[in-house]
**Q** 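If you scroll down you'll find the structure; I have some questions about it.
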Amino acid sequence: MGEQRIGHIDGIAPGAEFHRRKQVKQANLHRDTMRGISWIADVDGLDVADAIVLHGGYDDDNDDWTQVRYTGASPDKEKYKEAGIPKLLHSQSWTYQDNASLKRSYERKHPIRVIRGWKGDARYSPINCYRYDGLYEITAIRTAVSKWPAPDGTPIEICQIDLERLPSERQDPTSVEQKIADLLEQQEELEPLPQEELEVAEEEPEEEAEDAPPYGEKFPKTRTQRVQRLVRDAAVARNVKELHDGECQVCGLRLLGPDEKPYSEGAHIRPLAPPHSGPDVEPNVLCLCPNCHVRLDIGAIVIADDWSIVVRAGALGGNVLPKLKRLKKHKVHLDYIRHHRKHWLGESDPSQE
DNA sequence: GGGCCCGCAGGG
DNA sequence: CCCTGCGGGCCC
């Protein structure tokens with residue numbers, strides 16, 4: 001189909017979501033529909049890895065968003081499943097094609113596209129789909145001993161790969177301007193966003209750069225960022241808002257516009273901006289009415305570990321539910337709730353007893 | 001959420 | 001052809 005390449009795929013910004021592996025492949029993000037590791041021939045014909053999928057995988061994996069520890073591949077016949085998670089019968093080898101390609105990407109300092117699937121770490125997984133999370137570089141490779149020995153007790157060596165997310169300024173796709181415009185059009189065709197939402201999406205990154213030049217002066221860069229934010233909001237926040245059908249998870253209000261469509265906002269529990277630097281992922285986003293969005297952002301409400309809503313200030317005349325409304329399909333992660341609570345209550349947290 | 005069982009879509 | 005794999009959707 002399309003052209004396979006190392007690095008960004010033109011027109012696909014980090015945050016873009018795809019329903020199934022087939023669509024990930026069709027977007028040229030990953031060559032395969034089942035393997036974790038994707039590889040292509042480099043200029044000299046030798047294979048290098050260009051993408052990986054984080055989708056549950058092995059027990060030795062670890063995901064901390066910016067830092068990822070990945071386990072190499074093994075032939076099927078050398079593994080078995082226990083509690084749904086693959087366990088190895090034999091040590092892995094750096095000569096196995098998938099692992100060798102990762103090693104070569106490390107040596108050549110090639111970036112790796114990271115795609116997270118719905119079976120991955122609950123803190124970062126999208127809802128029933130796959131998300132392109134941008135470029136990572138391999139910072140280290142090593143042969144490690146797996147936490148899980150073989151059934152007969154012999155230790156198993158694995159190919160371990162450490163990756164680190166490239167800084168955000170290197171995540172901007174240097175794509176053709178026209179393709180960005182096309183993507184923008186596609187997104188708006190799917191569901192036209194209200195003007196307010198566009199403005200909100202643009203305001204957030206500008207908070208840090210107070211004396212930023214006027215919009216027109218840095219047109220290409222700003223334009224790219226704008227598309228990225230659009231794609232992210234279009235995918236992550238929209239998923240959450242749709243699942244809740246616009247109903248506020250804190251007060252239960254379902255605000256309707258004149259068009260009979262519910263209006264709600266995707267609120268980040270752990271803010272995106274530094275120093276918080278929370279991830280823009282579904283488990284970190286709540287569907288809130290504008291009022292409760294502000295209440296969350298200014299710490300007028302915090303949420304306890306049992307999901308009960310603690311009103312701290314300024315709630316006269318405003319009702320809140322006893323507990324945060326949650327859905328089976330939208331799993332909010334406690335890590336973000338705790339981060340928010342700790343930020344507003346400090347170390348001495350009475351609700352954590 | 002785990003287990004099962006039937007897969008497709010490469011690539012040798 | 002045949003083999004393989006960080007699927008997928010169903011069941012409960």
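Order of the sequence lines fixes the chain letters, A, B, ..., with proteins taken first and strands second; residue numbering starts at 1 for each chain. Side chains included, hydrogens not; waters and symmetry mates left out as well; all remaining heavy atoms used. Remember, predicted model here, so these are calculated numbers, not experimental data.
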**Q** Could you say whether A:G72 or A:R20 is positioned toward the 5' end of DNA chain C, judged by the nucleotide with the nearest heavy atom to each?
**A** A:G72
**Q** Which is more 5' along DNA chain C, the nucleotide nearest A:V53 or the one nearest A:H19? Just name the residue.
**A**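 The residue closer to the strand's 5' end, by nearest nucleotide, is A:V53.
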**Q** Between B:dG10, C:dC6, C:dG7, which one does the side chain of A:R31 approach most closely?
**A**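 When the side chain of A:R31 is considered, B:dG10 is the closest of B:dG10, C:dC6, C:dG7.
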**Q** Is a donor from one side chain sitting under 3.5 angstrom from an acceptor on the other, for A:Y132 and A:H8?
**A** yes
**Q** Can you tell me the distance, in whole Å, between the NZ atom of A:K25 and the C1' atom of B:dC8?
**A**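 Nearest whole value for this atom pair: 11 Å.
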**Q** Which one, C:dC6, B:dG11, B:dC8, comes nearest to the side chain of A:Y58?
**A** C:dC6
**Q** Could you tell me the separation between the CD1 atom of A:I40 and the P atom of B:dG10, rounded to a whole number of Å?
**A**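 Computing the A:I40:CD1 to B:dG10:P distance gives 16 Å.
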**Q** Tell me: CZ of A:R35 to P of B:dG7, nearest whole Å?
**A**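 Rounded to whole Å, this separation is 21 Å.
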**Q** If the cut-off is 4.0 Å, is A:Y130 near the phosphate of C:dG7, judged by side-chain N/O to OP1 or OP2?
**A**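 Answer is yes, contact under 4.0 Å.
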**Q** Starting at CZ of A:F18 and ending at C1' of C:dC6, how long is that distance when rounded to a whole Å?
**A**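 So the two atoms are 18 Å apart, to the nearest Å.
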**Q** Measure from CZ on A:R21 to C1' on B:dG7 and round the result to the nearest Å.
**A**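 Between C1' of B:dG7 and CZ of A:R21: 15 Å.
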**Q** Pick the nucleotide of DNA chain B nearest each of A:W39 and A:K331; which residue has the one closer to the 5' end?
**A**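 Between the two, 5'-proximity favours A:K331.
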**Q** Could you point out which residue of A:R104, A:K103, A:K109, A:H110 forms a side chain to side chain donor-acceptor pair (under 3.5 Å) with A:E107?
**A** A:K103
**Q** Take the protein atom NZ of A:K87 and the nucleotide atom C1' of B:dG2, then report the distance between them rounded to whole Å.
**A** 13 Å
**Q** Check whether any side-chain nitrogen or oxygen of A:Y96 sits under 4.0 Å from OP1 or OP2 of C:dT4, and answer yes or no.
**A** no
**Q** Please report the distance, rounded to the nearest Å, between CG in A:D32 and P in C:dC6.
**A**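 Roughly 8 Å, once rounded to whole Å.
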**Q** Should stems be defined as at least three consecutive Watson-Crick or G-U pairs with both distances under 3.5 angstrom, which of them involve DNA chain B?
**A** B:1-6 with C:7-12, B:8-12 with C:1-5
**Q** Do A:D50 and A:Q4 have a side chain donor and acceptor closer than 3.5 Å?
**A** no
**Q** Just to verify, which of A:R254, A:K261, A:K329, A:K325 counts as forming a salt bridge (charged side-chain N to carboxylate O under 4.0 Å, His left out) with A:D245?
**A** A:R254
**Q** Do NZ/NE/NH1/NH2 and the carboxylate oxygens of A:D64 and A:R69 come within less than 4.0 Å?
**A**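 So A:D64 does not pair with A:R69 through a salt bridge.
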**Q** Tell me yes or no: between the side chains of A:W94 and A:T143, is some donor less than 3.5 Å from an acceptor?
**A** yes
**Q** Quick one: is C:dC6 close enough that its OP1 or OP2 comes under 4.0 Å of any side-chain N or O from A:K119?
**A** no
**Q** Can you see whether A:D59 engages A:W148 through a side-chain donor-acceptor pair at a distance of less than 3.5 angstrom?
**A**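 There is such a pair between these side chains.
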**Q** Separation of A:K328 atom NZ from C:dC12 atom P, in whole Å?
**A**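 The distance from NZ of A:K328 to P of C:dC12 comes to 16 Å, rounded to the nearest Å.
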**Q** Over all strands shown, is A:S38 touching base, sugar-phosphate only, or nothing at heavy-atom distances under 4.0 angstrom?
**A** nothing
